[in-house]
Amino acid sequence: MTKQKTYKIALIGGDGTGPEVAREGVKVMKTAAAKFGFKLDFTDYDFGGTRYLKTGEILPDSAIEEVKKHHAIYLGAIGHPDVKPGILEVGILLKLRFALDQYINLRPVKLYPGVETPLKNKKSEDIDFVVVRENTGGIYTSIGGVVQKGTQNEIATQVMVYSRPVVDRCMRYAYELTRKRNSRKKMLTLVHKSNVLTYCGDLWVRAHKEMGDRDYPDIKQDYNHVDACTMWFVKQPEWYDVIVTENLFGDIITDLAAIIQGGLGIAAGGNINPEGVSMFEPMGGSAPKYTGKNVINPLAAICAGGMMLDTLGEEKAAKAIDKAVTDLLASGKIKSLAAGKMGYSTTEVGDLVASAV
Ligand code: IPM
Ligand code: MN
C-alpha cells in the first residue's frame, strides 16, 4: 500500500466561538480527507485573548517558527471582550500575515442557493465573484508618524506604500486565478482610485495593463474606481468575475461583499502565500455572547476549510465540501445563517455537511 499524503495543519481555534466553528471545520475536512485518500494532522495552538490575559503573551516569535513547519494554518476567530480592540488583531492576525508573507487575501463571494441577500431581486447566479486583495502592503505597511501629538497642530501621516514587485506578484496571482476560474466573463477588474491616487493608482493601472497585454491576452481587462465599485456591488454584482485591488480598498469592499453574499455566517477567506504557509479563516468574529452555546453557524469555517484543501492541492475534496454546503443550503433545511436561528445546533450543521461529503 502506498503511504497516504499527510498535511500538517496548525490549528488556532482562538477566542469565543472560534474553537466551536473550527471543530466543525476540522470534522468536515477529516471526513473529506478519508474519502479522498489523504491525511490531516492538526496541532492545537492556544493563541488568543484568553492566553494573552493569562500570560501577557500574544504571539511569540518562537510560535511563528513553529507554525512555519506546517503546511497551513486554520484559524477560528480572534477577539476577546476584555482585551482592547486592536491588540490581538495586530499582534496575531497581522503579525502572521507579515511574518509568513501572506501577500494575497482571497475572498470568494458567492451567494449560495437558499441564502438570503439584502439585495432585492438578486439570485444565486448573480453573485459569484472573487476578490484578490493585496494583503501586506499599502497603508498596512504602517509607515508614517505623528508630530506635536495632542496639540492643536498635531500632524499624522500613514503612507500608502507599493513597489512594482509587490504589485506584480499580486497581479500575477489574480490573472492566473482568472484564467483558472475560466468563467464566461474571463475578466479581471482592477479596483483603485487612480483619479486621485495618481502615484499608487497609476502604478497599479500600468501593472494591470502591461501584464495583461503581455501574458494574458485571453483575459479581459476592466477597471473601477473604488467608490463606484461599492455602488456596482449593490446594483449589478453580476458584472464581476475576479477583482484585484490594493490592501485597504480590499478590506473595505470585502466587508460589503460579505453582506451581499449573506453575511458573516457564510463568508470565508484565505491569507495566502502561494509559495509558503497560508492561513484560512471564517470572516466572522469571536461572537462572545454565543460562546459555548452550540448555536453559532459553522458554515463559514467549513468553507474556509474547503479553501484550505483547495490551496493544498486537494481540489476534489474541496469541491466535495463546496457541493455539500451548496446542497444543504439549497435544500432549505437551514432556516437562517444567524446564530441560534439555524434550526440546528453548531455540531448538527457540521454533521449534516460531513455526512453529505
Ligand atoms: C480583515 C480584518 C483585518 C484587516 C483586521 C482585523 C486587522 O478586518 O481581515 O479584513 O483589516 O485586514
Ligand atoms: Mn476587514
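Remember, it's 1-based here, ligands and their atoms both numbered in the order they're listed.
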Anything under 3.5 Å between an N or O on ligand 1 and a protein N or O? List each pair with its distance, or write none.
residue  : atom   : partner : partner atom : Å
ligand 1 : 8 (O)  : Asp251  : OD1          : 3.3
ligand 1 : 9 (O)  : Arg97   : NH2          : 2.6
ligand 1 : 10 (O) : Arg133  : NH1          : 3.2
ligand 1 : 10 (O) : Asp251  : OD1          : 2.9
ligand 1 : 11 (O) : Tyr140  : OH           : 2.6
ligand 1 : 12 (O) : Arg97   : NH1          : 2.7
ligand 1 : 12 (O) : Arg133  : NH1          : 3.4
ligand 1 : 12 (O) : Arg133  : NH2          : 2.8

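Side-chain contact between Leu93 and Leu75: present, with at least one pair of heavy atoms (C-beta onward) separated by less than 4.5 Å.
For the pair Arg133 and Tyr140, the cation-pi test (distance below 6.0 Å, angle within 45°) is passed.
Heavy atoms of other residues, nucleotides or ligands lying less than 6.0 angstrom from NZ of Lys185 number more than 12.
Between Arg169 and Val166, the shortest heavy-atom contact is CG-O, 3.5 Å.
Ring-plane geometry between Phe47 and Tyr45 is classed as parallel, the angle between the planes falling under 30 degrees on a 0 to 90 degree scale with a further cut at 60.
Between Arg164 and Glu210 there is a salt bridge, with a side-chain nitrogen of the basic residue lying less than 4.0 Å from a carboxylate oxygen of the acidic one. A salt bridge is absent between Asp213 and Arg206: the closest approach of a Lys/Arg side-chain nitrogen to an acidic carboxylate oxygen does not fall below 4.0 angstrom.
Between Thr245 and the options Thr254, Asp251, Val132, Ile253, a side chain to side chain contact (heavy atoms under 4.5 Å, CB included) holds for only Ile253.
Protein atoms of type N/O/S that fall under 2.8 Å from the Mn ion (ligand 2) number 1 in this view.
Aromatic pair Phe233/Tyr240: centroids less than 6.0 angstrom apart.
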